Amino acid sequence: DVLLVAEATAIAMNLNQIVKFAVGRQRPFVRYGNWPEPDRAPDPDDNLSFYSGHTTFTFALAAAAGTVSDLRGYRSAPWVWGVGLGLAATTGYLRIAADKHYLTDVLVGAATGLAIGIAVPRVFHGREGEGDGAPPAARLTAVPLGIAFAF
């Protein structure tokens, strides 16, 4: 279970880093001059606002853990979802409150984390007990000119 959650979280964070360095959006405290210390030197991290990596990480972790709990049929699945998404939402709020991210950074991070956290366990691993020879509900297949997504 831990490997499935780690796999989804790693994919979400890799995508986050690619987008962060491609976009280069200034953080709110830099844009509006709300420096934490008066003699602060510029930092390369000042232009890595879009989109929130902390929020992406926590939402991917919560969604993947919740999805795995659902797929395995664990009775604690509602608790995993509730506690995980509550902590993830708190992380997003605190990133805005710390003036590190805009609301859009946090919303995109949450959406990305949720989407990847749900999709990776479902697409690649399916439901417990589906090992009767039937193919999974969805799968990715390599084809000569790209990747095909099939249901």
Side-chain angles (χ1 to χ4, degrees), residues 1-36 42-128 130 135-143 145-151:
D1 291 352
V2 172
L3 185 59
L4 301 179
V5 173
E7 178 182 35
T9 305
I11 291 170
M13 291 309 295
N14 284 330
L15 178 63
N16 174 267
Q17 290 301 300
I18 291 168
V19 173
K20 239 182 216 274
F21 283 98
V23 172
R25 182 180 192 184
Q26 271 189 333
R27 294 188 183 274
F29 78 89
V30 175
R31 181 177 176 125
Y32 298 110
N34 299 330
W35 303 99
D43 185 355
D45 188 59
D46 290 349
N47 295 318
L48 298 178
S49 181
F50 186 78
Y51 53 93
S52 174
H54 288 87
T55 306
T56 302
F57 176 79
T58 54
F59 271 93
L61 189 66
T67 302
V68 168
S69 294
D70 283 343
L71 293 173
R72 301 282 189 248
Y74 296 152
R75 291 184 344 179
S76 61
W79 284 99
V80 172
W81 278 106
V83 171
L85 292 179
L87 290 172
T90 301
T91 300
Y93 167 75
L94 291 174
R95 297 304 290 168
I96 295 170
D99 218 15
K100 297 287 188 174
H101 290 287
Y102 300 97
L103 176 63
T104 53
D105 300 338
V106 169
L107 292 176
V108 172
T112 303
L114 276 172
I116 294 173
I118 292 170
V120 168
R122 287 195 181 277
V123 168
F124 292 111
H125 304 290
R127 214 173 252 291
E128 187 78 13
E130 287 182 352
R139 65 175 175 221
L140 291 176
T141 305
V143 294
L145 298 176
I147 296 177
F149 185 73
F151 288 96

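The model shown is predicted, which means the values in this text are computed figures rather than measured ones.
For the atom pair Thr58 OG1 and Leu114 CG, the distance stands at 9.5 Å (nearest 0.5 Å). From Asp1, atom CG reaches atom OG1 of Thr67 across 12.0 Å, with rounding to the nearest 0.5 Å. In this structure, CG on Leu87 lies 10.0 Å from CZ on Phe59, to the nearest 0.5 angstrom. Taking CZ of Arg122 as the start and CG of Leu4 as the end, the distance is 12.5 Å to the nearest 0.5 Å. Interatomic distance, CZ of Phe29 versus NE2 of His101, reported as 10.0 Å (0.5 Å rounding). One distance of note links OG of Ser49 with CG of Asp99; it measures 9.5 Å at 0.5 Å rounding.
Side-chain atoms of Asn16 do not come within 3.5 Å of backbone N or O of Ala12 as any donor-acceptor pair.
Exactly one of Asp46, Asp45, Asn47 qualifies for a side chain to side chain donor-acceptor pair (under 3.5 Å) with Arg27. That residue is Asp45.
Side-chain contact between Trp81 and Ser69: absent, with no pair of heavy atoms (C-beta onward) separated by less than 4.5 Å. Between Leu15 and Tyr51 there is a side-chain heavy-atom pair separated by less than 4.5 Å.
Salt bridge Asp105/Lys100: absent, no basic N to carboxylate O contact under 4.0 Å.
In terms of heavy atoms, Asp70 sits closest to Ala77 at OD1-CB, 3.3 Å. The two residues Pro121 and Ala8 come nearest to each other via the heavy atoms CD-CB, 4.3 Å. Of all non-hydrogen atoms in Gly86 and Thr90, the two that sit nearest each other are O-OG1, 2.9 Å.
Side chains of Thr104 and Arg25: a donor-acceptor N/O pair is present below 3.5 angstrom, by distance only.
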